[in-house]
Structures are given as C-alpha cells and as structure tokens.
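Each remark here refers to the structure printed beneath this line.
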Amino acid sequence: MEYNFRELEQKWQKFWKENQIYKTGINKDKPKFYVLDMFPYPSGAGLHVGHPLGYIASDIYSRYKRLKGFNVLHPMGYDAYGLPAEQYAIQTGQHPAVTTKKNIDRYREQLDKIGFCYDWDREIRTCEPDYYKWTQWAFVEMFNHYFDNKLQKAMPVAGLIKAFETNGTVGVDANCTEELCFSAEEWNAKTELEQQEILLNYRVAYLADLKVNWCPALGTVLANDEVSEGVSVRGGHPVEQRVMRQWSLRVSAYAQRLLDGLEKVDWTDSLKETQKNWIGRSEGAELVFNVKGQDVSFEVFTTRADTIYGVTFMVLAPESELVAKLTTDDQKSAVEEYISATKKRTERERIADRRVTGVFSGSYAINPVSGTEIPVWISDYVLAGYGTGAIMAVPAHDSRDYAFARHFNLPIIPLIEGCDVSDESFDAKEGIMCNSGFLNGLTVKEAIAAAKKYIEEKNLGRVKVNYRLRDAIFSRQRYWGEPFPVYYKQGMPYMLPMDKLPLLLPEIDKYLPTETGEPPLGRAANWGWNEAMQIVTASSEIDNAAVFPLELSTMPGFAGSSAYYLRYMDPKNENGLVSAEANDYWENVDLYIGGTEHATGHLIYSRFWNKFLFDLGKVCKDEPFKRLINQGMIQGRSNFVYRVKDSNTFVSLNLKDQYETTQIHVDVNIVSNDVLDLEKFKAWRPEFSDAEFILEDGKYHCGWAVEKMSKSMFNVVNPDDIVERYGADTLRLYEMFLGPLEQSKPWDTNGIDGVHRFLKKLWGLFYKDNQLVVKEETPTADELKTLHKTIKKVTWDIENFSYNTSVSAFMICVNELSAVKCSKRAILEPLVVLLAPFAPHVAEELHHVLGNTTTVNDAVFPVCNEEYLVESTVKYPVSFNGKVRFMLDLPAALNKDEVEKEVFANDQTAKYLAGASPKKVIVVPGKIVNIVM
RNA sequence: GCGGCUGUGGCGUAAUUGGUAGCCGCGCCAGACUUAGGAUCUGGUGCCGAGAGGCGUGGGGGUUCGAGUCCCUUCAGCCGCACCA
C-alpha cells in the first residue's frame, strides 16, 4: 500500500460527513469547550494559503480537546454583508446576494478540502433573515434602553420616562449626548414629539445630528475604525467631516466596563494595550472659565489641574459653538476667514501639515483660580470631538501649547523649579511646583491632587474622567446590509413591533443612491410601513398618516458580527438569539483565533454588544471571548526575473549586475527553489514567448523578496493546489511547521516536501512493500521513551499553541522509530491518536488499519508515563572556564561530590587543567560541570 | 513623538526558561540506486582555519563560575496609537 493521500482523504471526509462525526449538542455529562474562528467575509478571490492558518490552529485545538474528553463546539459561518459585494453589484448589476452565495460556495469547497471538524449544521450567514432578525432585535432593545451611570448598566427607557414624569431630571444619572435639566412639570407639558426627541438623548441606540466621516466615493458614512489617516480603510477613498442625522450606538457609555473587562480576559498584552489606547481613559478635572464682560462661561477638560497658574491663553476648536459667542466685532472678519480656511483643509491635510495656525477671538477669559485675564484663541490643533472642544493652554508644560505660544508670541510661565523652557516645553510630570500660589512646594503628583480638591471645594468645576472612545455611528447609506426596523412619523423614529421582525431587505432596481441623493433603499417600491395593519406596503402609499416611510440606511458591517458567537450556540432558535439553556451550557468562547485587524473594531463592538445583552439578562457572561490568539500573517515570497533593458533577454540573478536590467515579478508557481521553468515562463505571457535567457550553470536563478501575498505580486498560493499535490494533512502540518502561530512569516512552498516526506515515513512504519508490517511485539525501553517523550512534548506544545515545535517533535519521533524499524502496535497506536489533531485523515486511516472500527476522534488522547523517561546515565558536558572540552557519561544517581570526584578522576581533566589548580568547581547535578581555573 | 513586538546559519526556525547555541525541515555538497525524477536512500553542511584551534545569537557595555536568555545602552525592522489637553 502506497500513501495515497488523495483517495484516503476523500474517503474519510465522506465518512465523517455521512456519520455526522462533528455534530455537537448539549451534553451535560461532559465539560464544554467552545473554539471559535473569526468568521470570514467571503471575497471573490477565494482563500489563499494564508487564510487557513488560524483555522488549522483552532481545528487542532478542537480535536485535541475532544480527545481529552471535552464536548467541543467548533462552528463556522460567513460575515456575508459588506461593501465589496455591493461595489461589484454596482459595476455588474448582479445582485449582491447572488455573488455572495457564489463566493460562500467557493469558500466552503476550499474549506472542506482541508478537513476541518466544523459542525456545519450550525453555519450562519449574517445576510440570512433568520439570522439578521436577531441583529434587528438587538437594535430595538438598544433603542428601548438607556445606560444608567450609577448602576453602570442598561435599563429600560420606560423607567426613565417614569422618572421624568415624577421628578424630571432630578436624581437621574443617565448617560447622554447632552446634559439636560428639566422638571416633571416641564416634561409633562411637552408634546409627544418633543418627549421623543429628548429620549433620543438617552437611548443606547439613538438618532442624532453628528459630525460623521462621510466618504463621497463610497456614498456612505464610516465609523472611526473604518477610517485611517483621513481615508477609508476599504478602498482608500478620501473621507470628509459632515454633520448628518445618523443612528449611533452609545458605546462610550460602556467605556469603563470595556476597560475593566480587559483585566478578566486572557488576551495578549499588545491587544489589550491597543484596546486601552482606543478607549483612552484620562483622569482630570473639568474647570469652568467665565468670560470677561459677558454673561458667558465655558468648560475645559485638563489632566494637569496643577498647571492652572501657568495658563496664558485659551484655545477653542474651530467647530466649537463658543466661537460665535466669543468672537468680538473687530475680530469677526479675521475669525471668519480662519474658519473657512480650516474647513477647506481635510483632516488628512491637517495631520500631514503641522503648521501652527490660529486666530484671536477678541475675548478674554478669567482664570478661576488666579483671577488673571487670559486671551481666548481659536485653532485647529484643538479637537471639537474630545473633551469640551476647548482647552486651557499651558505653554510651559505642553509642547503643542508651547509651539502655539512661540508662534503668536504669547507668554510662557514655567511652573516647575529649575525647568528650562527656553527651547521646548517641559512635559514631564515630575518636579516641585513654583509660581503656583497655594501649590508651591508640592510635587507635581501632589499638586494635581491638591488642585482637584481645591476645584471641587470651591465649586470651580468637577473632577472628571474622559474617554477617547466615541459612540459608534451605525447608519450606512448602502444597500447590502441589515435594514433598520424603523419607520418615521413627523421625522421621529419608531420601532417596528418585535413580532414583525425580521424586516426583510427589499429588492431594488439599481444599487445606487437615488437621483435625489437618498440611499439605495430609496429606490425600493415597497418601503412604507402601514402602522395600523403592521405590514410593509408600497412606497407610493406613504401618506404620513396611515403609511409611513421606513428607514433608508442599513446597518454597518460590524452589526452582524457583534453577536454571531452567541447564535452558533443555538442557530435554529426561532424564539430568541440563543436559548437560556444553550447559553448556560456553552457560556462564552473559550478560545478565539483571528487576525489583529479586528483589534479596535469587531473586538470592541462585540464586547459592547455582549455587555448590553448581559445587562438585559439574555446572556450569562459579561465577556464574550475568554482567551484570544492573533495568528500572524502569512506573507508572500515573490520571485523576480531581470530583463536586460530594451530587449527580451532575461539574465540570471548573479549575472544581472553586468547589465542594465529591470526587475519583473514572475509567478511563483512557475519557479521551483528559485529556479525558473523556462518553458512555463515562455507560455506564461505572450510577450515572453520568444524570450531569451542568459543562464548560470544552465539554470535561470530568480531573485526573491518577502512581500504581501497579493495577485499583483504573483505570489499567491492557493491551498487547493497544495491539497491536490500533497494532500490536506501535508498542508495542515506545513502551515503549522512554518513557525510560531502568532508570528508573521513568509510562505515558501519549497519547504513542504519535508513534512510530506514525514507522512510517508510514518506510513512506512505500517507498510513495507505493500505489506502491513505492524507487529504485536513488546516495545523496548528506548521505543517507549521515544513515544512518551513525544507525548509529553506534543501535549505541552498544544496547550501552549506551539504547533511548529510539535510537528518537529513528530518528525524526531518517526525518525527514531524508523531508525530501529519499530512497527509495534503498542507504539504506533498511541502515536496515531497523538497525531490525529494535526493530520486527521492519515490518522483516521491508520487508526482503522490497526483494527479500530470507531473514529479516531472518539479515541482517548495518550498520556505520558514519566517512568519511561527516567535516564540511568547523564552525559555531562565538562567545561573549563565556561568552555566545553569533553563529555563524560556518569550514572544519574551521583550527587554533587561524587560527580566532582569522577570528573577529577578522568585523565582528560588533567590534560585540560595542565597542572593548574582549579579555583572553583561548579557541579549542577544532571546538567553540567564547570571548572574555573 | 508615545507604546508594543522582533533581531540566531543561505532560508523557515529550535534551545528543557540562566547550564553543550543551531534541534526539525528547506536549500546546498558528496555518494548510492536507476523506469533519469520536481523520485527514493545514505553521509556531510554556522563562520574562519590544512590542522590544532579560534570566532559566533544586530552593535557596545555590565551582572554571573556560566548569558541567545537577566540589566544598561545603542542600531535596525515590523505593528498599534498619535495634535486626546
């Protein structure tokens, strides 16, 4: 029997499928374990060899846990809504549902070939109505809840209304967009419309006029994490700031809990750090400044209350509402000119070009502590969206303020003894205060505390915690997303009744905005809501009396991915996102594997979403993902050929310096070990058909470089091709063998022969000349040692996700067994089970070859017996002054003194001592001997 | 600028956590076999050196009997955040 991987892999994949080997259900007799992959967006390009890396790692862990007696939930699905399918629809007119389905089918085909243990009965697609029903449901719940700051949890809006009716805002501490203050009488006197508008100020899902990131090229707004350096992350289109009425989720209310929760999860420090940065907690004080000669005051936020005596000017963000209030008549034209100039600059330009710009407003503020009058300036270095959009500038101790003061010749007052501010500001929070009234003589740390206390006591402001985390803008002016279950009466949003969900995505004729600039859903023929009949009806019937318009925006990409891990627990449930029974059993994800690119998007939103559902009592765990591992990126390894300028002649790598050449990417699939296949090259592209070559030793050597794996670099390797040539088990092993899971590393197909050879060698322990050679003989001590040290190593490696080293441990094991021609059942049987998580097909085959009739997945993972590992002798390296000179075999039982005695009894020792007397002898029993001379 | 991670043969990497640096694999070299291959098997392969030996984990310094591993410093690369007050 040959190792016929093609036949064998197909056979077992079929067997697993037909016998539902990977079907999972609640089983209270076994401990549960939930292993999840970040589900993919099914792109048109299909999978390349980098995508399955994380899937293989999680698959190994899932299989291992199962063999260890756990009931393992290991599902897969698709993040099926998204921009690329819609962009494609715009270009081709094909319905995004059609292309999405096609892409999903392709993904599935590719995934199936690799032999994953997914329970496909639990597959979800975010674009399916029975799934997005629950996305809409969660949104309605968010609309119906507000965040109570005191309780630090979401509470029903109904309770808030009751409080307003009896006491107004008194005693209410609700997270809100804008602090409001009204009495019960005032509330009760308001119209329904007015009350609804006020409630939007509190709801967790709310509609508000916000400054948003508008991307004209994509025709939609984008969330902060979808924009980087002023351009859209997807597509790289310019993004501008615009005020629009949009749905938002009050993620910022959960800032503190999102931060605290990080302490409870087992994630990498770098990922936690990224989330901490994104949440951006800063403790400080909010100070009230009165404006001189006007009945106006404004607040600023500062983390350096200690520097209050050094404030020499104030700065407002150009977008601040205060600008209009504080601009005096003589400064009006200058301010207007500055504001319009600022508006013209995109955010990108502002970031790229750090010129100091600004204009004086004409007004003066009064320092609430020192009483000094200070000029109020306007500058775009102050952000409208952070804090209050106004700052107190302390040029001596803040580098941005310093640059501004220098540019406009404003005073700089040093506040720390001995600091030099002649060239730059002193930003460090250390030293002793001076020029600071009652703070003089204190350290900076003490002064911050003292100043805060003073501010609170004198009622000059309040101690406050600020977060950088913004609410998530939740509307997209696009077609291919979840429709909002929302209709509008007099411009005010109302939710569809829960029992009418899902609100289905309507058909439209073109996937473009309407002629009047409304989102694509504006084209839908049936997009009205008959309130009395509770049905969707023709858009033409909208009369704003009985039939009302439905929301035209759709939800963003992160909507569907925020709670999908919960749905896998109970994917067919028609009465809830997840049943209490399923949720109580599976709880949350024990191991989540995916890329770092979701660090600030998906992983913040889903934590927020989960916490919200936790507050409602719908889920039992506060954090969704207990342990998280980021797999590294697989980079491409590109190959180059060198064309001699103005010719069709190509020169081999080491001769290219003799010519003037152009470097050209060449398809890595026609290169082997950096040697170009000349015939394939000529056939690759018509322009190379008559190419000529300057060779070295009859070969054309290509250059190479590690780059991103992409079509344009011709370095994309398709897993299908690898499976076809080497089999899925070889692919799985090689992906793991490449290097540590979390590290980025280049893919080079050339190395794959090594692991393929390993599998053949393993096969060779079972079959020789087509004969099964497995024997029932008792294994030797050495064979048992080989097996058990491998069990020990591989177990430790799996637990620590060090899969590259376990593959090499398997190789060492098989090398050792081959060397002694060991084909004994007592050794091979446990070895096959040990290998099953990594190479399930060949393991299943060999498990059956050994006479087992049930799947290897139901075997028991072997346990290391330390007794077999005990050594009777130790090879001591004997070193002199730290340099190893010779090895000495000694009984392991010897103690320190006995080892020393043996070493000095050896004549080699005398040779290296060369008559000198040792100053010191170090003996570490079982390890080394070092003689210091 | 701030924060994090990583630097080991020609390449991907390993090192029982302070104890023989280079395991495993690719590649390369030599040999065997021969249905001449992108097959299989055997041996070799960090660098310098004929050899004894010396050097060697980005560079410099330190702690230690002993450092890839710990400390200080410096350089390079990758990632995250970045007018966040």
Side-chain angles (χ1 to χ4, degrees), chain A residues 228-229 268-278 280-282 284 300-304 307 315 350-351 354 356 379-383 385-394 397-401 403-404 427 466-469 596-597 599-600 630 632-633 635 637 672-675 677 704 706 725 733-734 737-740 742-758 760 764 789 792-793 796 802 804-812 815 875-887 918-924 926-933:
Chain A
S228 177
E229 296 184 4
T268 59
D269 288 339
S270 78
L271 185 54
K272 285 188 191 180
E273 200 56 37
T274 303
Q275 290 224 335
K276 278 181 196 161
N277 275 341
W278 193 258
R281 183 182 205 269
S282 53
V300 300
F301 176 75
T302 179
T303 54
R304 294 292 303 272
T307 60
V315 188
R350 265 172 67 168
I351 292 164
R354 295 197 177 173
V356 176
S379 172
D380 65 3
Y381 84 87
V382 174
L383 303 179
Y386 187 77
T388 60
I391 61 147
M392 57 178 228
V394 185
H397 302 287
D398 180 286
S399 49
R400 292 151 304 170
D401 297 343
F404 195 84
D427 291 12
N466 225 328
Y467 299 93
R468 196 189 80 106
L469 184 70
T596 3
E597 66 271 22
T600 52
N630 289 124
M633 283 236 296
Q635 296 149 308
R637 188 181 186 280
S672 174
N673 283 323
D674 295 335
V675 175
D677 184 319
W704 63 274
V706 172
R725 251 173 71 190
L733 285 171
Y734 188 55
F737 186 67
L738 278 179
E742 302 186 48
Q743 203 169 293
S744 287
K745 57 246 163 187
W747 177 272
D748 182 2
T749 305
N750 289 312
I752 203 167
D753 292 318
V755 290
H756 191 62
R757 232 168 260 154
F758 154 72
K760 284 197 209 165
K789 81 174 181 200
K792 188 177 180 178
K793 174 78 179 140
W796 192 90
S802 176
N804 54 326
T805 50
S806 29
V807 177
S808 72
F810 279 121
M811 290 175 171
I812 293 167
N815 286 349
K875 260 192 173 24
Y876 278 96
V878 181
S879 47
F880 294 78
N881 287 337
K883 283 185 181 137
V884 179
R885 294 304 178 179
F886 64 90
M887 305 299 289
K919 278 194 199 127
K920 199 171 173 184
V921 179
I922 287 121
V923 176
V924 182
K927 295 263 171 167
I928 55 114
V929 177
N930 189 16
I931 297 163
V932 188
M933 298 191 290

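Note on naming: letters A, B, ... go to the chains in the order of the sequence lines (proteins, then strands), and numbering restarts at 1 for each one. Reckoned from all heavy atoms, side chains included, excluding hydrogens, waters and symmetry mates.
- The nearest whole Å value for the distance from the NZ atom in A:Lys745 to the P atom in B:G7 is 14 Å.
- Looking at residues two or more places apart in sequence or on another chain, you find a salt bridge (Lys or Arg N to Asp or Glu O under 4.0 Å) between A:Lys789 and A:Glu816.
- Note on A:Asp398: nothing from the nucleic acid sits closer than 4.0 angstrom, heavy atoms only.
- Distance from the side chain of A:Tyr386 is smallest to B:A85 among B:G80, B:A85, B:C24.
- With sequence neighbours excluded, the residues satisfying side chain to side chain contact (heavy atoms under 4.5 Å, CB included) with A:Thr303 are A:Ser282, A:Phe301.
- With B:U20, B:C24, B:A85 as the choices, the nucleotide that has an atom nearest any side-chain atom of A:Met887 turns out to be B:U20.
- Straight-line distance from the CZ atom of A:Phe880 to the C1' atom of B:G53: 16 Å, rounded to whole Å.
- Legend: residues meeting salt bridge (Lys or Arg N to Asp or Glu O under 4.0 Å) with A:Arg281, ordered by chain and number and at least two apart, are A:Glu283.
- Nucleotides B:G22 and B:A14 are separated by 7 Å at their C1' atoms, to the nearest Å.
- Here B:G12 presents its P atom at 11 Å from CG of A:Leu738, a figure rounded to the nearest Å.
- Distance A:Leu271 CG to B:C79 P: 17 Å, rounded to the nearest Å.
- Residues passing the salt bridge (Lys or Arg N to Asp or Glu O under 4.0 Å) test with A:Lys875, sequence neighbours excluded: A:Asp889.
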Nucleotide-resolved protein contact map, nucleotides 26-42 of chain B, B/S/- at heavy-atom distance under 4.0 Å: SS----------B-S--
Which atoms of nucleotides 64-70 of chain B (N or O only) lie under 3.5 Å from a protein N or O atom, and what are those distances?
{"from": "B:C65", "atom 1": "OP1", "to": "A:Lys920", "atom 2": "NZ", "distance (Å)": "3.4"}
{"from": "B:C65", "atom 1": "O2'", "to": "A:Asn930", "atom 2": "ND2", "distance (Å)": "3.2"}
{"from": "B:C65", "atom 1": "O2", "to": "A:Asn930", "atom 2": "ND2", "distance (Å)": "2.8"}

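- For the OP1/OP2 pair of B:C5 and a distance below 4.0 Å, the side-chain nitrogens and oxygens of A:Thr268 include no atom meeting the criterion.
- You'll find that the side chain of A:Thr303 is closest to B:A85, out of B:A85, B:C24, B:A15.
- If you measure from atom OH of A:Tyr734 to atom P of B:C24, you get 17 Å, rounded to the nearest angstrom.
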